[in-house]
2 protein chains.
Amino acid sequence: MRLTTKGRYAVTAMLDLAFHSQIKPVTLTDIAARQTISLSYLEQLFARLRRAGMVKGVRGPGGGYKLCRNTNEINIADIISAVDESLDSTKCRGEANCQKDQACLTHALWMGLSEQIRNYLENISLADLLEKNQVQDVAKRQHYEVHQAIEVHRHSE
Amino acid sequence: MRLTTKGRYAVTAMLDLAFHSQIKPVTLTDIAARQTISLSYLEQLFARLRRAGMVKGVRGPGGGYKLCRNTNEINIADIISAVDESLDSTKCRGEANCQKDQACLTHALWMGLSEQIRNYLENISLADLLEKNQVQDVAKRQHYEVHQAIEVHRHSE
DNA sequence: ACTTAACCTAGTAAAATAGTCAACTATTAG
DNA sequence: CTAATAGTTGACTATTTTACTAGGTTAAGT
(Lines give C-alpha, C1' and ligand atoms only; values in the text may rest on other atoms or scores of the structure.)
Protein backbone atom coordinates (compact mmCIF):
# COMPACT_ATOMS: atom_id res chain seq x y z
CA MET A 1 0.00 0.00 0.00
CA ARG A 2 1.59 3.22 -1.17
CA LEU A 3 0.32 6.67 -0.34
CA THR A 4 1.17 9.20 -3.02
CA THR A 5 -0.35 12.29 -4.54
CA LYS A 6 -1.77 10.11 -7.29
CA GLY A 7 -3.86 8.20 -4.80
CA ARG A 8 -4.90 11.42 -3.14
CA TYR A 9 -6.10 12.82 -6.45
CA ALA A 10 -8.14 9.69 -7.02
CA VAL A 11 -9.73 9.78 -3.58
CA THR A 12 -10.49 13.49 -3.90
CA ALA A 13 -12.09 12.97 -7.30
CA MET A 14 -14.12 10.05 -6.06
CA LEU A 15 -15.32 12.06 -3.10
CA ASP A 16 -16.34 14.86 -5.44
CA LEU A 17 -18.13 12.35 -7.65
CA ALA A 18 -19.88 10.73 -4.69
CA PHE A 19 -21.15 14.09 -3.57
CA HIS A 20 -22.34 15.42 -6.92
CA SER A 21 -23.54 12.32 -8.72
CA GLN A 22 -26.51 11.69 -6.47
CA ILE A 23 -28.86 13.20 -9.07
CA LYS A 24 -27.14 12.65 -12.41
CA PRO A 25 -23.76 11.67 -13.85
CA VAL A 26 -20.90 14.07 -13.33
CA THR A 27 -18.53 15.04 -16.10
CA LEU A 28 -14.81 14.93 -15.57
CA THR A 29 -14.74 18.53 -16.80
CA ASP A 30 -16.73 19.56 -13.74
CA ILE A 31 -14.54 17.59 -11.35
CA ALA A 32 -11.44 19.02 -13.01
CA ALA A 33 -12.77 22.55 -12.48
CA ARG A 34 -13.84 22.00 -8.89
CA GLN A 35 -10.73 20.12 -7.74
CA THR A 36 -8.22 21.83 -10.04
CA ILE A 37 -6.96 18.59 -11.47
CA SER A 38 -6.17 18.46 -15.16
CA LEU A 39 -8.90 16.85 -17.23
CA SER A 40 -6.56 14.49 -19.02
CA TYR A 41 -5.01 13.31 -15.81
CA LEU A 42 -8.48 12.64 -14.44
CA GLU A 43 -9.23 10.67 -17.59
CA GLN A 44 -6.24 8.46 -16.83
CA LEU A 45 -7.30 7.93 -13.25
CA PHE A 46 -10.92 7.23 -14.14
CA ALA A 47 -9.90 4.77 -16.84
CA ARG A 48 -8.35 2.71 -14.04
CA LEU A 49 -11.25 3.25 -11.68
CA ARG A 50 -13.60 2.10 -14.40
CA ARG A 51 -11.56 -1.04 -15.10
CA ALA A 52 -11.63 -1.70 -11.37
CA GLY A 53 -15.43 -1.62 -11.56
CA MET A 54 -15.80 1.31 -9.20
CA VAL A 55 -17.32 3.84 -11.62
CA LYS A 56 -19.39 3.67 -14.78
CA GLY A 57 -19.13 6.04 -17.71
CA VAL A 58 -22.33 7.30 -19.35
CA ARG A 59 -21.77 8.64 -22.85
CA GLY A 60 -23.60 11.32 -24.74
CA PRO A 61 -25.15 14.61 -23.64
CA GLY A 62 -26.06 14.63 -19.97
CA GLY A 63 -23.55 11.85 -19.49
CA GLY A 64 -20.58 11.62 -17.21
CA TYR A 65 -19.48 9.24 -14.51
CA LYS A 66 -21.40 7.67 -11.69
CA LEU A 67 -20.53 5.24 -8.95
CA CYS A 68 -21.15 1.55 -9.46
CA ARG A 69 -21.64 0.87 -5.77
CA ASN A 70 -23.03 2.71 -2.79
CA THR A 71 -20.74 5.16 -1.05
CA ASN A 72 -20.61 2.92 1.99
CA GLU A 73 -19.40 0.04 -0.16
CA ILE A 74 -16.42 1.91 -1.59
CA ASN A 75 -13.40 2.21 0.67
CA ILE A 76 -10.26 4.30 0.42
CA ALA A 77 -7.91 1.35 0.07
CA ASP A 78 -9.73 0.16 -3.04
CA ILE A 79 -9.52 3.56 -4.69
CA ILE A 80 -5.83 3.90 -4.02
CA SER A 81 -4.91 0.43 -5.17
CA ALA A 82 -7.00 0.91 -8.29
CA VAL A 83 -4.87 3.81 -9.50
CA ASP A 84 -1.56 2.90 -7.87
CA GLU A 85 -1.01 -0.21 -9.92
CA SER A 86 0.17 -1.95 -6.73
CA LEU A 87 3.70 -2.02 -8.03
CA ASP A 88 5.74 -4.72 -6.29
CA SER A 89 6.25 -3.17 -2.90
CA THR A 90 9.20 -5.42 -2.15
CA LYS A 91 10.77 -6.23 -5.50
CA CYS A 92 9.75 -9.87 -5.11
CA ARG A 93 5.99 -9.90 -5.06
CA GLY A 94 5.24 -12.38 -2.35
CA GLU A 95 7.96 -14.74 -3.41
CA ALA A 96 10.26 -13.57 -0.65
CA ASN A 97 13.39 -13.99 -2.71
CA CYS A 98 14.42 -10.38 -3.15
CA GLN A 99 17.77 -11.03 -1.58
CA LYS A 100 19.68 -14.14 -2.56
CA ASP A 101 16.52 -16.20 -2.69
CA GLN A 102 15.68 -15.40 0.90
CA ALA A 103 13.17 -13.36 2.73
CA CYS A 104 14.51 -9.88 3.28
CA LEU A 105 14.03 -7.54 6.19
CA THR A 106 11.84 -5.38 3.99
CA HIS A 107 9.53 -8.30 3.61
CA ALA A 108 9.09 -9.12 7.22
CA LEU A 109 8.64 -5.49 8.06
CA TRP A 110 6.92 -3.65 5.28
CA MET A 111 4.54 -6.38 4.23
CA GLY A 112 3.04 -6.46 7.69
CA LEU A 113 3.01 -2.73 8.05
CA SER A 114 1.55 -2.25 4.61
CA GLU A 115 -1.13 -4.77 5.35
CA GLN A 116 -2.10 -2.99 8.54
CA ILE A 117 -2.40 0.33 6.76
CA ARG A 118 -4.50 -1.32 4.10
CA ASN A 119 -6.82 -2.79 6.72
CA TYR A 120 -7.09 0.61 8.25
CA LEU A 121 -7.99 2.33 4.99
CA GLU A 122 -10.36 -0.48 4.07
CA ASN A 123 -12.47 0.46 7.04
CA ILE A 124 -12.95 4.02 5.83
CA SER A 125 -15.65 4.37 3.18
CA LEU A 126 -16.63 7.27 0.99
CA ALA A 127 -19.81 7.48 3.03
CA ASP A 128 -17.77 7.92 6.20
CA LEU A 129 -15.95 10.84 4.67
CA LEU A 130 -19.10 12.41 3.27
CA GLU A 131 -20.69 12.37 6.69
CA LYS A 132 -18.12 14.75 8.00
CA ASN A 133 -19.70 18.15 8.03
CA GLN A 134 -16.60 20.05 7.07
CA VAL A 135 -16.28 18.15 3.86
CA GLN A 136 -19.91 18.72 2.98
CA ASP A 137 -19.65 22.44 3.54
CA VAL A 138 -16.59 22.79 1.38
CA ALA A 139 -18.08 20.63 -1.35
CA LYS A 140 -21.29 22.66 -1.37
CA ARG A 141 -19.38 25.89 -1.63
CA GLN A 142 -17.31 24.57 -4.51
CA HIS A 143 -20.43 23.25 -6.19
CA TYR A 144 -22.10 26.65 -6.34
CA GLU A 145 -18.89 28.36 -7.22
CA VAL A 146 -18.47 26.33 -10.36
CA HIS A 147 -22.01 27.15 -11.33
CA GLN A 148 -21.22 30.79 -11.04
CA ALA A 149 -17.80 30.72 -12.62
CA ILE A 150 -18.54 28.64 -15.66
CA GLU A 151 -21.70 29.18 -17.66
CA VAL A 152 -23.86 26.21 -17.00
CA HIS A 153 -27.10 26.11 -18.94
CA ARG A 154 -27.97 22.57 -18.05
CA HIS A 155 -29.35 20.97 -14.86
CA SER A 156 -29.72 24.11 -12.76
CA GLU A 157 -30.78 22.69 -9.42
CA MET B 1 2.27 11.38 5.42
CA ARG B 2 3.44 9.72 2.26
CA LEU B 3 4.39 6.09 1.97
CA THR B 4 6.95 5.49 -0.74
CA THR B 5 9.88 3.19 -1.40
CA LYS B 6 12.17 5.88 -0.07
CA GLY B 7 10.54 5.71 3.32
CA ARG B 8 10.68 1.95 3.23
CA TYR B 9 14.40 2.03 2.52
CA ALA B 10 14.88 4.30 5.50
CA VAL B 11 12.84 2.14 7.85
CA THR B 12 14.60 -0.99 6.66
CA ALA B 13 18.00 0.59 7.16
CA MET B 14 17.06 1.86 10.61
CA LEU B 15 15.82 -1.56 11.58
CA ASP B 16 19.07 -3.07 10.41
CA LEU B 17 20.97 -0.46 12.37
CA ALA B 18 18.90 -1.01 15.49
CA PHE B 19 19.58 -4.70 15.33
CA HIS B 20 23.32 -4.57 14.67
CA SER B 21 24.44 -1.48 16.55
CA GLN B 22 23.83 -2.88 20.00
CA ILE B 23 27.56 -3.54 20.49
CA LYS B 24 29.31 -1.04 18.27
CA PRO B 25 28.57 1.44 15.45
CA VAL B 26 27.49 -0.01 12.13
CA THR B 27 28.98 1.18 8.84
CA LEU B 28 26.74 2.09 5.98
CA THR B 29 28.79 -0.28 3.85
CA ASP B 30 27.55 -3.17 5.97
CA ILE B 31 23.94 -2.03 5.81
CA ALA B 32 24.25 -1.54 2.07
CA ALA B 33 25.54 -5.09 1.69
CA ARG B 34 22.92 -6.66 3.93
CA GLN B 35 19.92 -4.75 2.60
CA THR B 36 21.13 -4.35 -0.99
CA ILE B 37 20.75 -0.60 -0.99
CA SER B 38 23.39 1.51 -2.73
CA LEU B 39 25.93 3.03 -0.33
CA SER B 40 25.55 6.56 -1.65
CA TYR B 41 21.81 6.42 -1.43
CA LEU B 42 22.13 5.29 2.17
CA GLU B 43 24.44 8.24 2.77
CA GLN B 44 21.74 10.58 1.53
CA LEU B 45 19.13 8.98 3.72
CA PHE B 46 21.36 8.97 6.78
CA ALA B 47 22.29 12.61 6.26
CA ARG B 48 18.62 13.40 6.78
CA LEU B 49 18.24 10.99 9.66
CA ARG B 50 21.25 12.57 11.29
CA ARG B 51 19.89 16.09 10.82
CA ALA B 52 16.64 14.87 12.36
CA GLY B 53 18.64 13.81 15.40
CA MET B 54 17.80 10.15 15.09
CA VAL B 55 21.27 8.76 14.43
CA LYS B 56 24.81 9.80 15.21
CA GLY B 57 27.80 9.24 12.97
CA VAL B 58 31.11 8.10 14.45
CA ARG B 59 34.07 8.82 12.24
CA GLY B 60 37.25 6.92 11.79
CA PRO B 61 38.09 3.23 11.95
CA GLY B 62 35.62 1.23 13.98
CA GLY B 63 33.17 4.04 13.37
CA GLY B 64 29.79 4.00 11.75
CA TYR B 65 26.32 4.99 12.79
CA LYS B 66 24.45 4.41 16.00
CA LEU B 67 21.05 5.37 17.27
CA CYS B 68 20.63 8.53 19.34
CA ARG B 69 17.63 7.19 21.22
CA ASN B 70 16.39 3.84 22.44
CA THR B 71 14.62 1.64 19.93
CA ASN B 72 11.36 2.10 21.82
CA GLU B 73 11.69 5.86 21.46
CA ILE B 74 12.00 5.83 17.68
CA ASN B 75 8.78 5.37 15.73
CA ILE B 76 8.14 4.64 12.08
CA ALA B 77 6.38 7.95 11.39
CA ASP B 78 9.46 9.89 12.47
CA ILE B 79 11.76 7.90 10.23
CA ILE B 80 9.54 8.36 7.20
CA SER B 81 8.99 12.07 7.69
CA ALA B 82 12.73 12.56 8.24
CA VAL B 83 13.58 11.30 4.77
CA ASP B 84 10.39 12.23 2.94
CA GLU B 85 10.89 15.96 3.27
CA SER B 86 7.19 16.22 4.15
CA LEU B 87 6.55 17.88 0.82
CA ASP B 88 3.39 19.97 0.99
CA SER B 89 0.78 17.29 0.99
CA THR B 90 -1.94 19.66 -0.15
CA LYS B 91 -0.17 22.39 -2.13
CA CYS B 92 -1.08 24.94 0.56
CA ARG B 93 0.78 23.80 3.64
CA GLY B 94 -1.80 24.32 6.33
CA GLU B 95 -2.95 27.61 4.90
CA ALA B 96 -5.99 26.03 3.33
CA ASN B 97 -5.95 28.32 0.33
CA CYS B 98 -5.02 25.87 -2.39
CA GLN B 99 -8.12 26.69 -4.35
CA LYS B 100 -9.25 30.26 -4.69
CA ASP B 101 -8.22 31.06 -1.14
CA GLN B 102 -10.53 28.47 0.26
CA ALA B 103 -10.21 25.15 1.95
CA CYS B 104 -10.31 22.46 -0.69
CA LEU B 105 -11.81 19.02 -0.52
CA THR B 106 -8.33 17.58 -0.42
CA HIS B 107 -7.74 19.46 2.76
CA ALA B 108 -10.76 18.32 4.66
CA LEU B 109 -10.21 14.80 3.52
CA TRP B 110 -6.58 14.05 3.19
CA MET B 111 -5.35 16.06 6.11
CA GLY B 112 -7.52 14.07 8.45
CA LEU B 113 -6.69 10.78 6.81
CA SER B 114 -3.01 11.58 6.72
CA GLU B 115 -3.09 12.50 10.37
CA GLN B 116 -4.71 9.22 11.28
CA ILE B 117 -2.10 7.25 9.40
CA ARG B 118 0.61 9.26 11.09
CA ASN B 119 -0.88 8.55 14.51
CA TYR B 120 -0.98 4.92 13.61
CA LEU B 121 2.67 4.78 12.54
CA GLU B 122 3.71 6.85 15.52
CA ASN B 123 2.58 4.07 17.76
CA ILE B 124 4.87 1.54 16.13
CA SER B 125 8.44 1.75 17.38
CA LEU B 126 11.62 0.11 16.17
CA ALA B 127 11.52 -1.95 19.36
CA ASP B 128 8.09 -3.25 18.43
CA LEU B 129 9.39 -4.40 15.08
CA LEU B 130 12.52 -5.94 16.53
CA GLU B 131 10.45 -8.02 18.90
CA LYS B 132 8.88 -9.87 16.05
CA ASN B 133 10.64 -13.17 15.78
CA GLN B 134 10.51 -13.39 12.05
CA VAL B 135 12.43 -10.17 11.67
CA GLN B 136 15.05 -11.28 14.15
CA ASP B 137 15.57 -14.57 12.37
CA VAL B 138 16.01 -12.96 9.01
CA ALA B 139 18.31 -10.32 10.38
CA LYS B 140 20.46 -12.92 12.11
CA ARG B 141 20.73 -14.95 8.96
CA GLN B 142 21.74 -11.89 6.95
CA HIS B 143 24.23 -10.94 9.63
CA TYR B 144 26.14 -14.20 9.38
CA GLU B 145 25.82 -14.28 5.64
CA VAL B 146 27.62 -11.01 5.23
CA HIS B 147 30.39 -12.28 7.46
CA GLN B 148 30.83 -15.22 5.16
CA ALA B 149 30.42 -13.42 1.88
CA ILE B 150 32.62 -10.43 2.46
CA GLU B 151 35.96 -10.78 4.15
CA VAL B 152 35.54 -9.21 7.53
CA HIS B 153 38.64 -9.15 9.68
CA ARG B 154 37.21 -6.88 12.30
CA HIS B 155 34.73 -7.38 15.16
CA SER B 156 34.05 -11.08 14.73
CA GLU B 157 31.46 -11.69 17.42
C1' DA C 1 51.55 8.83 7.94
C1' DC C 2 47.98 5.85 6.70
C1' DT C 3 43.65 3.89 6.83
C1' DT C 4 38.89 4.04 7.81
C1' DA C 5 34.51 5.77 7.38
C1' DA C 6 31.60 9.67 8.00
C1' DC C 7 30.37 13.68 5.43
C1' DC C 8 29.58 16.51 1.40
C1' DT C 9 28.78 18.02 -3.52
C1' DA C 10 27.53 17.55 -8.11
C1' DG C 11 25.80 15.03 -11.64
C1' DT C 12 22.86 11.50 -13.91
C1' DA C 13 19.83 7.60 -15.39
C1' DA C 14 15.54 5.69 -14.62
C1' DA C 15 11.10 5.84 -12.98
C1' DA C 16 6.83 7.99 -11.54
C1' DT C 17 3.95 11.86 -11.85
C1' DA C 18 1.36 15.14 -14.24
C1' DG C 19 -0.28 16.82 -18.19
C1' DT C 20 -1.06 17.58 -23.53
C1' DC C 21 -2.86 16.45 -28.01
C1' DA C 22 -5.44 14.21 -31.29
C1' DA C 23 -8.40 10.81 -33.05
C1' DC C 24 -12.25 7.91 -32.29
C1' DT C 25 -16.78 5.92 -30.65
C1' DA C 26 -21.30 5.88 -28.44
C1' DT C 27 -25.21 8.41 -27.15
C1' DT C 28 -28.73 11.70 -27.32
C1' DA C 29 -31.06 16.06 -28.33
C1' DG C 30 -33.04 18.54 -31.96
C1' DC D 1 -30.15 12.49 -40.01
C1' DT D 2 -27.12 15.62 -37.93
C1' DA D 3 -24.65 17.87 -34.52
C1' DA D 4 -23.18 18.12 -30.05
C1' DT D 5 -21.75 15.80 -26.02
C1' DA D 6 -18.78 13.09 -23.52
C1' DG D 7 -16.41 8.84 -22.85
C1' DT D 8 -12.38 6.11 -24.73
C1' DT D 9 -7.88 5.39 -26.36
C1' DG D 10 -3.07 5.96 -27.45
C1' DA D 11 0.98 8.32 -28.13
C1' DC D 12 3.73 11.82 -26.67
C1' DT D 13 6.06 15.46 -23.50
C1' DA D 14 7.73 17.84 -19.25
C1' DT D 15 8.69 17.80 -14.56
C1' DT D 16 9.79 15.77 -10.33
C1' DT D 17 11.33 12.17 -7.53
C1' DT D 18 14.02 8.27 -6.89
C1' DA D 19 18.06 5.82 -6.90
C1' DC D 20 22.52 5.65 -7.86
C1' DT D 21 27.64 7.15 -9.34
C1' DA D 22 31.84 9.60 -8.81
C1' DG D 23 34.53 12.38 -6.71
C1' DG D 24 36.06 14.74 -3.08
C1' DT D 25 36.96 16.54 2.26
C1' DT D 26 37.17 15.86 7.19
C1' DA D 27 37.73 13.52 11.56
C1' DA D 28 39.35 9.79 14.17
C1' DG D 29 41.91 5.59 15.23
C1' DT D 30 46.47 2.53 14.50
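In what follows, chains are A, B, ... by sequence order, proteins preceding strands, each numbered from 1. Quick note: numbers below take in every heavy atom, side chains included, and nothing from hydrogens, waters or symmetry partners.
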| note | Between CG of B/D30 and P of C/dT4 the distance, given in whole Å, is 13 Å
| note | The residue, B/G64 or A/V58, whose nearest nucleotide of DNA chain C is more 5′ is B/G64
| query | Using the ring of each side chain (for Trp, its six-membered ring), is B/Y41 parallel, tilted or perpendicular to B/Y9, with breaks at 30° and 60°? | reply | perpendicular
| message | Rounding to an integer number of Å, can you tell me how far B/L45 CG sits from D/dT21 P? | response | 14 Å
| Side-chain donor or acceptor of A/R59 under 3.5 Å from a matching atom on the base of C/dT25? | yes
| Atom-pair distance (CD on A/Q35; P on C/dA18), nearest Å | 15 Å
| query | Does a side-chain N or O from A/R50 land closer than 4.0 Å to OP1 or OP2 of D/dT8, or not? | reply | yes
| If only side-chain N and O atoms of B/Y65 are considered, is one of them under 4.0 Å from the OP1 or OP2 phosphate oxygen of C/dC7? | yes
| query | Is a donor-acceptor contact shorter than 3.5 angstrom present between the side chain of A/E43 and the base of D/dG7? | reply | no
| request: With heavy atoms under 4.0 Å as the rule, sort A/S40 into base, sugar-phosphate or nothing. | output: base
| task | Please tell me which of the listed nucleotides, C/dA16, C/dT28, D/dA22, lies nearest to the side chain of A/R2? | result | C/dA16
| Once you round it to whole Å, what is the distance between P of D/dT8 and CG of A/L42? | 13 Å
| query | Between D/dG7, D/dT21, C/dG19, which nucleotide has the shortest distance from any of its atoms to the side chain of A/T27? | reply | D/dG7
| remark: A/R8 atom CZ is separated from C/dT17 atom P, nearest whole Å, by 12 Å
| Phosphate OP1/OP2 of C/dA18 contacted by A/T5 side-chain N/O (<4.0 Å) | yes
| said: Could you check whether any side-chain N or O of A/N70 sits under 3.5 Å from a backbone N or O of A/E73, counting only pairs where one atom can act as donor and the other as acceptor? | reply: no
| message | It should be established whether A/Y41 places a side-chain nitrogen or oxygen under 4.0 Å from OP1 or OP2 of nucleotide C/dG19. | response | no
| Can you check the B/L39 CG to C/dT4 P distance for me, whole Å? | 15 Å
| field | side chain to side chain donor-acceptor pair (under 3.5 Å) assessment of A/E122 paired with A/N75 | value | CA-CA 5 Å; A/E122 266 173 1; A/N75 66 62; 5.5 Å; no
| task | Can you tell me the distance, in whole Å, between the NZ atom of A/K24 and the P atom of D/dA6? | result | 11 Å
| message | Check whether A/D30 reaches the backbone of A/T27 with its side chain - one donor and one acceptor, N or O, closer than 3.5 Å. | response | no
| request: Examine C/dT17: is either OP1 or OP2 under 4.0 Å from a nitrogen or oxygen in the side chain of A/T4? Give yes or no. | output: yes
| said: Please report the distance, rounded to the nearest Å, between CG in A/D84 and P in C/dA18. | reply: 10 Å
| request: Return yes if some donor-acceptor pair links the side-chain N/O of A/S21 with the main-chain N/O of A/K24 below 3.5 Å, else return no. | output: no
| note | The residue, A/K6 or A/G60, whose nearest nucleotide of DNA chain C is more 5′ is A/K6
